[in-house]
2 protein chains.
Amino acid sequence: MGRWEPDAQGRLARAAMELYIERGFDSTSVAEIAKRAGLTERTFFRHFADKREVLFGGSAGLQDLMVEAVRGAPKSAAPMAAVAAGLLATGPLFQDRREYARQRHAVIAANAELRERELIKLASLASALADALRGRGVNDPAASLSAEAGIAVFRVAFDRWIDISNKRDLTQLIRESLDELKAVTAAG
Amino acid sequence: MGRWEPDAQGRLARAAMELYIERGFDSTSVAEIAKRAGLTERTFFRHFADKREVLFGGSAGLQDLMVEAVRGAPKSAAPMAAVAAGLLATGPLFQDRREYARQRHAVIAANAELRERELIKLASLASALADALRGRGVNDPAASLSAEAGIAVFRVAFDRWIDISNKRDLTQLIRESLDELKAVTAAG
DNA sequence: AGGTCCGATGTCAGCTTCTGACATCAGAGT
DNA sequence: ACTCTGATGTCAGAAGCTGACATCGGACCT
């Protein structure tokens, strides 16, 4: 046995999530999170840059996944098709996590600061996607626009997937939203 | 003469902008801003919800302008065409403010918290646009997608307008970006 | 075995952002 | 004159976050 209980970061993340759900994000202090995890406030800030970051640890993985899929798309694929490949690659990642996604989504939706953080993560995603497209030889502004449009599609599809009345799977919803975007821009 | 110097809010905003430019956003404290404006810290927070909000006071006006233009678009206009009308309506508002826009943009770009705040303002804009479209009888997800795509276009066009090497006017850049989006989605 | 070093955590002191509660007082309205 | 309002000041304090330094089990070396 080590000097401390193992997985400090995991314990902090779980304690934080519990408290955010129990009493809301604003009403839980870092001191409380640390206490529940059996650690100190200072240690919390060694594992997470700030109180919000607890909820966004997974976003780097999502980004890598999308970027790899864009990179791996057929050379002949049009920019938007490559983006579509990126979006669709994330389906499996969320496959069995709909309930968790919904809880997390509820916590974030209830708080303006968290919504801000989520938006910047998505912006970072869009930026990474645009970079990946440029790596495929796509020029700006086509690269930026395709990436931004792709993220918009992802958001819309994800929100629909989260929606309680909706039982279709994420992949399908992404496809539908892509088609909708195509229809809408063609008609404008 | 009143009990206090007039235009407290304006003085605070100017003092803040000066300091943000001089020493960066992070390195200026609210106490300093208030001191330069000849007021107290507490008064700053009566005029601005937080330290960031100083830079985003105008966004409500922008939003109203866009929404009105979407509402006023011809009944026969397709969703994306109505959005385009909204975007193009903002051209005059920025006509003679390119230098200010550039300074403000530089301050925001240099700081993650400010970028977060900017993103949420744009998201609010997208949401208002989507509402306006629904008011025209456009259903979801077409309304959300058109609005999000419109904001993406606006961002891309605005960034290009800010770009020092670029002398074209905002309206023209918006038109070009709309066409690019159309091309890109049609090809995907 | 003994010694040394490392890295995760603790402790403490401090700054900054932001809020609530209450005081002050010029000017407007009566 | 009297009151009332609203913008500002004053004060105290919670909470987020950071730097500096201490602690000490375990890994690694000799």
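Computed from coordinates, the A:Glu41 CD to D:dG19 P distance equals 15 Å when rounded to whole Å. Between the CZ atom of B:Phe45 and the C1' atom of C:dT16 there is a distance of 9 Å, rounded to whole Å. For the pair A:Asp50 CG and C:dT16 P, the interatomic distance rounds to 19 Å; values are reported in whole Å. The distance between atom NZ of A:Lys51 and atom P of D:dT18, rounded to the nearest whole Å, is 14 Å. Summarising the geometry, the separation between CH2 on A:Trp4 and C1' on D:dG26 is reported as 10 Å, rounded to the nearest angstrom. Atom CG of A:Asp26 is separated from atom P of D:dA14 by 17 Å (rounded to the nearest Å). Atom CZ of A:Phe25 is separated from atom C1' of D:dA15 by 12 Å (rounded to the nearest Å). With rounding to whole Å, B:Lys35 atom NZ is found 14 Å from D:dG9 atom P.
In this structure, A:Arg71 and A:Arg136 approach most closely via the heavy-atom pair O-NH1, 4.0 Å. The shortest non-hydrogen separation linking A:His47 to A:Ala8 is NE2-CB, 3.9 Å.
Within the structure, a side-chain polar atom (N or O) of A:Thr43 is placed less than 4.0 Å from OP1 or OP2 of C:dG10. OP1 and OP2 of C:dA8 both lie 4.0 Å or more from every side-chain N or O belonging to A:His47. Considering only side-chain N and O atoms, A:Thr40 lies under 4.0 angstrom from the phosphate OP1 or OP2 of C:dG10.
Scanning atom types as modelled, one donor and one acceptor separated by under 3.5 angstrom connect the side chain of A:Arg46 and the base of C:dG10. The base of D:dG19 sits with one of its N or O atoms less than 3.5 Å from a complementary donor or acceptor on the side chain of A:Arg42.
Comparing the helix axis at one end of the helix from C:dA1-D:dT30 to C:dT30-D:dA1 with that at the other, each defined from 5 consecutive pairs, gives an inter-axis angle of 10° (nearest 10°).
Residue A:Ser27 is classed as having no contact, given no heavy-atom separation below 4.0 Å to the nucleic acid.
Closest approach to the A:Arg3 side chain among C:dT16, D:dT8, C:dG7 is made by C:dG7 (side chain taken as heavy atoms from C-beta onward).
When the shell of 6.0 Å around CZ of B:Arg175 is examined, it contains 12 or fewer heavy atoms from other residues, nucleotides or ligands.
For the pair B:Arg102 and B:Glu99, the salt-bridge criterion is met [side-chain N within less than 4.0 Å of a carboxylate O]. Here A:Arg115 does not pair with A:Glu118 in a salt bridge; the nearest charged N to carboxylate O distance is not below 4.0 Å.
Checked by atom type and distance alone, the side chain of A:Ser146 pairs as donor or acceptor with a backbone atom of A:Ala142 at under 3.5 Å.
Test A:Ile33, A:Leu39, A:Asp50 against A:Phe44 for side chain to side chain contact (heavy atoms under 4.5 Å, CB included) and you get one pass: A:Ile33.
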